[in-house]
Amino acid sequence: MENKNNITVFGATGRIGKELLKLLSQARIPVTAVTRDQNKAIALPGVVWVEADMSDKTSLSAALHGSRAVFLLSSVGKDFVKQQNNVIEAAQECNVRHLVKLSSGVADKESPLYIPRVHGEVEAFLKGSGLPHTILRSNGMMQNWLGELSDSVKQERKFYESTGEGKRAYVDIRDIAAVAFTVLTTPGKHINKTYLLTGDEAINYDQLARVISDVLSETVTYVPLSLEEAGRQMTEAGMPGWAVETFLAYDQAQRNGQAAFVTPAVQDILGRPATTIEKFTQDYADRFR
Ligand SMILES: NC(=O)c1ccc[n+]([C@@H]2O[C@H](COP(=O)([O-])OP(=O)(O)OC[C@H]3O[C@@H](n4cnc5c(N)ncnc54)[C@H](OP(=O)(O)O)[C@@H]3O)[C@@H](O)[C@H]2O)c1
């Protein structure tokens, strides 16, 4: 049998992909990293960059040639299902032996909401393809706080969200990358499994405000918004209707206490606890200061 050791990473310039590349490079595993724009390539030992677009199936074989395994991630847009299914088909044609797909925590092909539905449709296609796979369904990510929320803390020591007092076990992107690394490099028992990745504790935004306050040694306040106000702000910021509808439904579920679940998957796979909000906030303190 051909001795294939290489791993191809889609989404390599993104938030999770960058962390995964670092882990694979440190472990001296040869990697093909995919981007649509070589100017975004990050130089790392053992990482070869290939320009390819998931919308263009003919561009994918160079990215997949000689690869044992694939990490599949892309941002959600209007052609998401076609793009991700192109990679699954091309992986099969190139005799890839294992595909790890980053999915939504609430993926469901019957969902009325766009983001869970499209992830669910790709999951169904992947399962039906017969390609050995692992699905990593992610809960809301802590790094989502590094943007509007952290900027607002920086500027006015307040932040605004529409989740009421509802809790969610947010997961650190570095833990997702570590799980992906483990599953890609020791696939054995992870083949054809689906894992829901959460943090170890569900928290609400009053708790996050207290943790940020402790790290900054200054009072930071969470200001609750109504769903109507949050929807208006997202629309004004130019977000497409399908995204606004999905994010408001996530917030509504959290307000209602339906998002407060915790799973042991990160602990089970990594053999250590998931990253806490205290550690996350300390590590990214400069973004809030
Ligand atoms: N945010 C959350 O809380 C959350 C929760 C659960 C699941 N998710 C899922 O996580 C994923 C986003 O992860 P992330 O934040 O790490 O991504 P990200 O930082 O938004 O990066 C997106 C990546 O996708 C690549 N990409 C997009 N379209 C492509 C195409 N046509 N061909 C090739 N590459 C393409 C981009 O590559 P180039 O631009 O370099 O080509 C980039 O590396 C989404 O699928 C989302 O649904 C997010």
Side-chain angles (χ1 to χ4, degrees), residues 8-23 31-42 47 49-64 70-88 90-91 100-108 111 113-123 126 135-149 161 163 168-180 194-199 239-240 242-243 246-247 249-251 253-254 259 263 265-266 280:
T8 297
V9 175
F10 286 86
T13 60
R15 301 184 305 167
I16 297 170
K18 279 183 197 159
E19 297 294 335
L20 176 59
L21 281 196
K22 279 193 240 164
L23 297 174
V31 174
T32 304
V34 182
T35 178
R36 288 164 295 178
D37 176 3
Q38 282 277 8
N39 294 320
K40 292 191 190 171
I42 306 142
V47 176
W49 287 84
V50 169
E51 228 173 51
D53 188 328
M54 291 162 61
S55 296
D56 171 17
K57 204 174 156 198
T58 56
S59 73
L60 297 176
S61 50
L64 293 165
V70 167
F71 180 68
L72 174 57
L73 178 152
S74 56
S75 33
V76 174
K78 76 174 171 39
D79 297 324
F80 180 81
V81 175
K82 180 71 189 145
Q83 290 168 343
Q84 293 224 332
N85 290 354
N86 277 345
V87 176
I88 294 165
V100 177
K101 171 177 161 49
L102 191 283
S103 191
S104 155
V106 285
D108 173 4
S111 174
L113 302 168
Y114 187 74
I115 298 176
R117 184 171 70 247
V118 293
H119 275 294
E121 286 176 13
V122 175
E123 284 190 8
L126 178 58
I135 294 170
L136 305 179
R137 290 183 169 180
S138 173
N139 206 8
M141 300 170 187
M142 292 182 186
Q143 278 77 357
N144 296 346
W145 301 328
L146 305 174
E148 213 172 294
L149 190 154
E161 293 290 338
T163 49
R168 183 179 294 277
Y170 298 92
V171 60
D172 190 306
I173 274 178
R174 296 169 297 180
D175 289 345
I176 301 172
V179 166
T194 297
Y195 299 111
L196 176 52
L197 308 180
T198 72
M239 204 179 269
W242 54 263
T246 302
F247 296 139
Y250 291 169
D251 284 1
Q254 191 165 336
T263 72
V266 169
F280 171 87

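For ligands, and for the atoms within them, numbers begin at 1 and follow the listed sequence.
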Item to complete: Tell me yes or no: between the side chains of Glu123 and Ser103, is some donor less than 3.5 Å from an acceptor?
Response: yes

Fill in: Proximal protein residues to ligand 1, non-hydrogen atoms under 4.0 angstrom
Gly11, Ala12, Thr13, Gly14, Arg15, Ile16, Thr35, Arg36, Lys40, Ala52, Asp53, Met54, Leu73, Ser74, Ser75, Val76, Gln83, Leu102, Ser103, His119, Ser138, Asn139, Gly140, Met141, Asn144

Discussion item. Within the structure provided, determine whether Phe10 and Leu73 are in side-chain contact (heavy-atom separation under 4.5 Å).
Written reply: no

Worksheet item: What orientation do His119 and Phe80 show, parallel under 30°, tilted 30 to 60°, or perpendicular over 60°?
Response: perpendicular

Worksheet item: Would Gln143 and Arg15 count as having a side-chain donor-acceptor pair, cut-off 3.5 Å?
Response: no

Discussion item. Just to verify, which of Leu197, Val171, Leu196 counts as forming a side chain to side chain contact (heavy atoms under 4.5 Å, CB included) with Thr263?
Written reply: Leu196

Which donor-acceptor pairs under 3.5 Å do the side chains of residues 32-42 make with protein atoms, sequence neighbours left out?
residue: Thr32; atom: OG1; partner: Asn6; partner atom: ND2; Å: 2.7
residue: Thr35; atom: OG1; partner: Asp37; partner atom: N; Å: 3.0
residue: Thr35; atom: OG1; partner: Asp37; partner atom: O; Å: 3.2
residue: Asp37; atom: OD1; partner: Asn39; partner atom: N; Å: 3.0
residue: Asp37; atom: OD1; partner: Asn39; partner atom: ND2; Å: 3.2
residue: Gln38; atom: NE2; partner: Trp49; partner atom: O; Å: 3.4

